[in-house]
Amino acid sequence: MNPLAHYHFLIERLLGPDGDVDAAVAAFIAPLPPGDPDEIETHLEVAWDLLVIAAADTPVASQTLLVDLVAGVQRHELPGVRVWAQRVLTDLPLLGDRLSRAWDEPHDPDDWVRLNAFAARLTASVADFLPLGLRTIVTALEERGPLPPAIEWFRHAGTQLVDACVHGRTYAGRLGDPAARAEGGFSVTRWIAWRNALADRGSPDGVKLMSRFDARIAAHFRG
């Protein structure tokens, strides 16, 4: 079975009525040839692309299976194998790249909300994709774009967002161009501006989600 058919069937079965995460993780890893990084890269490109497509089409409440699949894959390693200088599969090589590509493409509004929710949920439990969240939030709250995709980040990855703001994380050294597109990184000043923007645009849900961290922001100013 070619990689496209294999991973399409894997995800379809996982999201079906009898979805089994452990079986999906085993099926994800099975076709990866441990001694051939180029072939592994080809498989991962296909697998992650299909995962991103599935996440955009899956209701947020049902995305847990997809998040658990990524977490399960991450717990495995092919010793001595590197793709893009990252461990396979512990560092989840190419997943960030395939997600970043999705951020450069147009999406149906509902798909875009679901995809942001998925990336935020991964950030909260599996791997750090906060630069993608920053791009979404900047578009929504600094450029008056659609609010629902940004609110998913505060809903699912609020702790990670406020930590990044308190510590002034920029990601510039690690992620380069995507961080540059996000216009300067995280800061407490920016967090406060986002909270005010949500209030100004009449989003009580967004304000409520951010207000969970008011004490953390106040503690930052106390020193």
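Applying the salt bridge (Lys or Arg N to Asp or Glu O under 4.0 Å) criterion to R121, with sequence neighbours excluded, gives no partner residue. Among residues two or more places apart in sequence or in another chain, the side-chain contact (heavy atoms from CB on, under 4.5 Å) test is passed with D49 by R98. Under the ring pair (Phe, Tyr, Trp, His ring centres under 6.0 Å) criterion, W103 pairs with W112, not counting sequence neighbours. For S125, the side-chain contact (heavy atoms from CB on, under 4.5 Å) partners two or more places apart in sequence, or in a different chain, are V67.
Between A102 and L115 the shortest heavy-atom distance is CB-CD2, 3.8 Å.
Among L132, L130, V126, the one residue that satisfies the side-chain contact (heavy atoms from CB on, under 4.5 Å) test with D128 is L130. Partner of L66 under the side-chain contact (heavy atoms from CB on, under 4.5 Å) criterion, out of V52, L15, V21: L15 alone.
Judged by distance alone, with hydrogens and angles left aside, the side-chain atoms of Q63 form a donor-acceptor pair with the main-chain N or O of R114 at under 3.5 Å. Not one N or O on the side chain of S211 forms a donor-acceptor pair closer than 3.5 Å with the backbone of D214. Listed for the E45 side chain is no donor-acceptor partner under 3.5 Å among the backbone atoms of L94. Here the side chain of R13 pairs no donor or acceptor atom with the backbone of A24 at under 3.5 angstrom. T90 contributes a side-chain N or O that, together with a main-chain N or O of H76, makes up a donor-acceptor pair within less than 3.5 Å. When atom types are taken as modelled, the side chain of R212 and the backbone of F154 share a donor-acceptor pair closer than 3.5 angstrom. Using modelled atom types, one side-chain atom of H6 and one backbone atom of A27 make a donor-acceptor pair closer than 3.5 Å.
To the nearest 0.5 Å, atoms CG (L65) and OG1 (T58) are separated by 9.0 Å.
Using a 4.0 Å cut-off between charged side-chain N and carboxylate O, D163 and R169 make no salt bridge.
More than 12 heavy atoms of other shown residues, nucleotides or ligands fall within 6.0 angstrom of atom NE2 in H220.
The stretch residues 16-34 participates, sequence neighbours left out, in no side chain to side chain donor-acceptor pair (under 3.5 Å) pair at all. Residue pairs meeting the ring-ring contact (aromatic ring centres under 6.0 Å, His included) criterion with at least one partner in residues 29-54, sequence neighbours excluded, are F28-W48.
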